[in-house]
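Just below is one structure, and these are the notes that go with it.
One-based numbering along the sequence shown. These numbers were taken from a predicted model, which means no experiment stands behind them.
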Amino acid sequence: MVARYERIADELRDEILAGAHPVGSQLPSESELAGRFGAARGTVRQAVAVLAAEGLVGSRQGARRIVLGNARSQSFAELHSFAQWARANGHRFGGQVIEQRRRRASGAESARLGPGEVLEVLRLRSLEGEPVLVERTVYAGWVAGAVEGLPAGCESVTEALYDSIGLVFAYGEHLIDAVPAGAQDARLLGVRRGSPLLRQRRTTTTHEGRPVESSDDRYRAGSVTFSIRNSIGANPLVRRAGDLRFGG
């Protein structure tokens, strides 16, 4: 089930993109939006925060936000799954499990997810009917059973786990670089072996800091664009020698 604040954000986003709230204008106040949607002001505040993370609205003026733009982008300041991003942008998307198995965690995985058994899942994602993303996700043992219970064609694991066990993916750390396509990636994505792929490695935890998953996601070149919006006061991008790291 989609959260209430997400439904409100979706409606406001559609209005901004349609020009109902022109660039440079103010959104209605939190109290006005709360009355319109019959929601608590805290829920409205969450919805507006989503739009701010996407770069559609900006700084407060009293209880209002200024409309900054009318183009969607995915921000690393807001943690979204591939399915949530695709749906928000009106894309047709899908997913299919290719392989799935339980095994013992490696040393590096034990450090990230805890020792013991883990669930490794290879999943292929599509956008507008074309393969665009290979996900290699390793789930911590405590959530493995819930993931195994999902259908192979589950569109959004994030939403399905919220619906089934109330799991919220709250915090993420992302590493982004480019890698050549190996034989398996090339076959699944329909590209030549050695073709450049955009790789996003991430580790995700709950609100309490309990590790949920560690994933290596590889996008076909030209299929998606990531954007970062920052300001002099807040910058989620940290430059380090040899990598780019995003704290979510």
Side-chain angles (χ1 to χ4, degrees), residues 1 3 74-85 95-125 132-189 197-219 226 236-248:
M1 182 177 64
Q74 183 177 7
S75 169
F76 282 98
E78 187 80 6
L79 188 60
H80 289 302
S81 69
F82 174 82
Q84 289 170 325
W85 168 82
Q96 185 67 35
V97 172
I98 306 299
E99 298 174 1
Q100 180 171 289
R101 67 187 180 105
R102 290 205 188 207
R103 59 171 174 78
R104 299 294 297 177
S106 67
E109 290 165 348
S110 294
R112 289 192 295 267
L113 302 174
E117 192 175 58
V118 295
L119 176 67
E120 180 181 16
V121 180
L122 174 66
R123 188 180 288 109
L124 180 65
R125 298 286 190 178
V132 298
L133 168 62
V134 175
E135 293 178 341
R136 291 179 175 86
T137 307
V138 179
Y139 295 93
W142 67 272
V143 76
V147 176
E148 288 175 321
L150 301 179
C154 178
E155 289 185 341
S156 175
V157 175
T158 301
E159 294 173 359
L161 290 178
Y162 176 79
D163 290 341
S164 61
I165 62 174
L167 175 62
V168 175
F169 291 74
Y171 302 104
E173 183 175 30
H174 309 261
L175 295 174
I176 292 183
D177 59 6
V179 295
Q184 187 178 48
D185 290 339
R187 176 174 54 82
L188 291 173
L189 294 174
L197 303 178
L198 177 65
R199 178 172 68 171
Q200 179 192 196
R201 289 170 288 169
R202 72 176 186 275
T203 300
T204 314
T205 67
T206 66
H207 277 293
E208 298 76 28
R210 191 179 190 185
V212 179
E213 61 169 9
S214 179
S215 191
D216 181 312
D217 300 342
R218 303 189 182 196
Y219 292 85
F226 289 105
L237 173 63
V238 178
R239 294 180 178 86
R240 299 187 181 181
D243 67 62
L244 292 180
R245 186 180 298 268
F246 300 85

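To the nearest 0.5 Å, atoms CD (E117) and CZ (R103) are separated by 10.5 Å. Rounding to the nearest 0.5 Å places OG1 of T205 at 13.5 Å from CZ of R112. Atom OG of S156 is separated from atom CG of D163 by 8.5 Å, given to the nearest 0.5 angstrom. Here L133 contributes atom CG and L198 contributes atom CG; the two are 9.5 Å apart, rounded to the nearest 0.5 Å. Here R201 contributes atom CZ and D177 contributes atom CG; the two are 4.5 Å apart, rounded to the nearest 0.5 Å.
The shortest side-chain heavy-atom distance between V143 and I165 falls under the 4.5 Å cut-off. Y171 has its side chain within reach of H207: a pair of non-hydrogen atoms, C-beta onward, lies under 4.5 Å apart. Counting heavy atoms from C-beta on, the side chains of L161 and L150 come closer than 4.5 Å. Contact of the Q96 side chain with the L188 side chain is not registered, since no non-hydrogen atoms from C-beta on lie closer than 4.5 Å. Two residues are said to be in side-chain contact when any heavy atoms from C-beta on lie closer than 4.5 Å; Q184 and L122 meet this criterion. Between L197 and L189 there is a side-chain heavy-atom pair separated by less than 4.5 Å.
The two residues Q200 and Y219 come nearest to each other via the heavy atoms NE2-OH, 3.8 Å. Nearest heavy-atom pair, E109 versus V118, reported as atom, atom and distance to 0.1 Å: OE1-CG2, 4.2 Å. Among all heavy-atom pairs drawn from P211 and L113, the shortest one is CB-CA, 3.8 Å. The nearest pair of heavy atoms linking E155 to R125 is O-NH1, 2.6 Å. The two residues R102 and L119 have their closest heavy-atom pair at CG-CD1, 3.9 Å. The two residues V121 and R123 have their closest heavy-atom pair at CG1-NH2, 3.6 Å.
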Test side-chain contact (heavy atoms from CB on, under 4.5 Å) on R218 and R136; report intermediate values, then the result. CA-CA 8 Å; R218 303 189 182 196; R136 291 179 175 86; 4.0 Å; yes
Exercise for the section: Under the side-chain contact (heavy atoms from CB on, under 4.5 Å) rule, what do D217 and H174 come out as? Steps first, then yes or no, please. Expected result: CA-CA 10 Å; D217 300 342; H174 309 261; over 6 Å; no
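Looking only at atom types and distance, the side chain of E135 has no donor-acceptor partner in the side chain of T137 under 3.5 Å away. For E213 and T204, the side-chain atoms include at least one donor-acceptor pair closer than 3.5 Å.
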